[in-house]
Protein chains: 2
Amino acid sequence: MTFGRDRLHGSLDLLVLSNLAGGPRYGYQILASLRERSGGRIILKAGTLYPILHKLERDKCVRTWWDDATGRDRKWYALTERGRKRMESRAREWLDYAACVRGLLGPLAERLAPPSPPLDAVGK
Amino acid sequence: MTFGRDRLHGSLDLLVLSNLAGGPRYGYQILASLRERSGGRIILKAGTLYPILHKLERDKCVRTWWDDATGRDRKWYALTERGRKRMESRAREWLDYAACVRGLLGPLAERLAPPSPPLDAVGK
DNA sequence: GCGAGATATATCGCTGAACTAAGTATAGCA
DNA sequence: TGCTATACTTAGTTCAGCGATATATCTCGC
């Protein structure tokens, strides 16, 4: 199942920021990285990603430069200190909200819970 | 901290459905219930809730009736079987997405993780 | 008995994040 | 020579949640 607009809403910039936390990347690479690392469930369109990157750049959360050394013109993005801070606060908020929803779902969450701890060794 | 529009987006109907899973409620009661059970962090406005309830009603996910026995005119909402099914599928999707994001955040999530299992008895 | 504030529901218009769609341009391969 | 993948950009659309506003009743203090 691929996650749509409703699911992604409000967490996309966090996903992009955290993706850049692994080191500088160029746009197209971020698309592929998110697709792969999500198991093909987060498929961003270019028209969705680039405006986000432009905004992060405007906000000085990423620093950018062009590189055409490989023949291909690529625009690279690297997280700034400001970007790292924003990532952390956005992550904190997101995790907090997720915990809150889980709490509200209560037993329903327990029952459907499978995927959260992938290191669940407790035999059923 | 109260969660804003970006956080709530796409999970509000799930929250409403799951709130109704505890038994029939009327609109104003749902507002109060969500506010309290979230520790004051999910504050819905009437103008947000009622359109959601109307849509759930149109979709036959809730059954409704008016009751003025107490003097107050109240419109009660009860989950239908169809609504219960939608709640489950929406919950499954949400939990799945949350797990996916957690996975993408990786060590960042571990580091900021505190709130997720409130029943954490494992001594530190 | 009268105003203030809580209770209770409804609707309209706005905002902005994410999407669609379309465009530009080059590399590599059949 | 075209087709596909790579790589970035921008203009226009959609629609969920929000703010503002309207209506009406109940309760409490004064």
Side-chain angles (χ1 to χ4, degrees), chain A residues 2-17 24-36 38 41-59 61-62 64-77 86 90 93-94 97 101, chain B residues 2-17 24-36 38 41-59 62 64-77 90 93-94 97 101:
Chain A
T2 53
F3 301 115
R5 139 196 244 131
D6 282 350
R7 214 65 34 232
L8 268 15
H9 192 111
S11 52
L12 271 184
D13 46 352
L14 168 59
L15 292 179
V16 171
L17 286 167
R25 295 223 196 311
Y26 56 92
Y28 201 81
Q29 195 179 15
I30 296 174
L31 294 178
S33 173
L34 283 176
R35 182 161 24 84
E36 279 158 38
S38 71
R41 290 176 301 172
I42 294 178
I43 315 249
L44 293 196
K45 302 301 170 54
T48 298
L49 176 65
Y50 290 108
I52 291 174
L53 288 171
H54 298 337
K55 179 161 196 321
L56 289 174
E57 189 179 2
R58 275 204 312 281
D59 294 350
C61 287
V62 293
T64 71
W65 65 94
W66 284 90
D67 168 47
D68 58 350
T70 57
R72 284 259 176 235
D73 272 7
R74 286 168 176 161
K75 191 175 181 184
W76 291 79
Y77 295 83
R86 174 170 308 185
R90 306 281 284 101
E93 194 190 336
W94 200 91
Y97 179 65
V101 171
Chain B
T2 54
F3 300 116
R5 135 198 247 134
D6 282 351
R7 212 68 32 232
L8 298 172
H9 192 111
S11 53
L12 273 184
D13 46 351
L14 168 60
L15 292 179
V16 171
L17 285 167
R25 296 223 197 312
Y26 57 92
Y28 201 81
Q29 195 180 14
I30 296 175
L31 293 179
S33 174
L34 282 176
R35 181 161 25 83
E36 279 157 39
S38 71
R41 290 177 302 173
I42 294 177
I43 316 252
L44 292 197
K45 304 302 166 55
T48 298
L49 177 65
Y50 290 110
I52 290 174
L53 288 172
H54 298 337
K55 179 161 197 320
L56 290 174
E57 188 179 4
R58 275 205 312 283
D59 293 351
V62 293
T64 72
W65 65 95
W66 284 90
D67 168 46
D68 59 351
T70 57
R72 285 258 177 237
D73 273 7
R74 286 170 176 160
K75 191 175 180 184
W76 291 79
Y77 296 84
R90 306 279 287 102
E93 193 190 337
W94 200 91
Y97 179 65
V101 170

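What you see below is based on every heavy atom in this structure, not just the backbone, and it leaves out hydrogens, waters and symmetry mates. The sequence lines fix the lettering, A, B, ..., with proteins before strands; numbering per chain opens at 1. Everything numeric here is computed off the predicted structure, so don't read it as measured data.
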* Taking CG from B:Asp67 and C1' from C:dT7, how many angstroms apart are they, rounded to a whole number? -> 15 Å
* A:Asp59 and A:Lys55: CA distance, side-chain angles, deciding distance, salt bridge (Lys or Arg N to Asp or Glu O under 4.0 Å) verdict -> CA-CA 6 Å; A:Asp59 294 350; A:Lys55 179 161 196 321; 2.8 Å; yes
* Quick one: on DNA chain C, does A:Gly4 or B:Arg5 contact a more 5' nucleotide (nearest heavy atom)? -> B:Arg5
* Structure fact -> Regarding the side chain of A:Ile52, the nearest nucleotide among C:dA18, D:dG19, D:dG17 is C:dA18
* **Distance in angstrom units between A:Asp59 CG and C:dA17 C1', rounded** => 14 Å
* Asked: When every nucleotide of nucleotides 2-9 of chain D is labelled 5' to 3' by its protein contacts under 4.0 Å (heavy atoms), B for base, S for sugar-phosphate only, - for none, what sequence of letters results?
  -> ---BBBBB
* Rounded distance (Å) that lies between atom C1' of D:dC15 and atom NE2 of B:His9 -> 7 Å
* Asked: To the nearest Å, how far apart are A:Ile43 CD1 and C:dT20 C1'?
  -> 16 Å
* Asked: Given side chains that start at C-beta, do those of A:Thr64 and A:Trp76 come closer than 4.5 Å, heavy atoms only?
  -> no
* Asked: A:Arg7 has an atom CZ; how far is it from atom P of C:dA17, in whole Å?
  -> 18 Å
* Please report, rounded to the nearest Å, how far the P atom of C:dT20 is from the CG atom of A:Leu8. => 11 Å
* **Below 4.0 Å: OP1/OP2 of C:dT20 and any side-chain N or O of A:Lys45** => yes
* **Rounded distance in Å - CG (B:Asp68) to C1' (D:dC26)** => 14 Å
* In plain terms, say whether B:Glu36 and B:Arg41 are close enough for a salt bridge, that is, a side-chain N and a carboxylate O under 4.0 Å apart. => no
* Asked: What closest approach, in Å, do B:Ser11 and A:Tyr97 show between heavy atoms, and which atom pair accounts for it?
  -> OG-OH, 2.6 Å
* Heavy-atom pair of closest approach, residues A:Ser33 and A:Arg25 -> OG-NE, 3.9 Å
* Asked: Checking A:Arg74 against A:Tyr26: charged group under 6.0 Å from the ring centre and within 45 degrees of the axis?
  -> yes
* What is the distance from CG of A:Asp6 to P of D:dG17, rounded to the nearest Å? -> 7 Å
* Asked: Taking the side chain as C-beta and beyond, is there a heavy-atom pair between B:Thr48 and B:Leu12 under 4.5 Å?
  -> yes
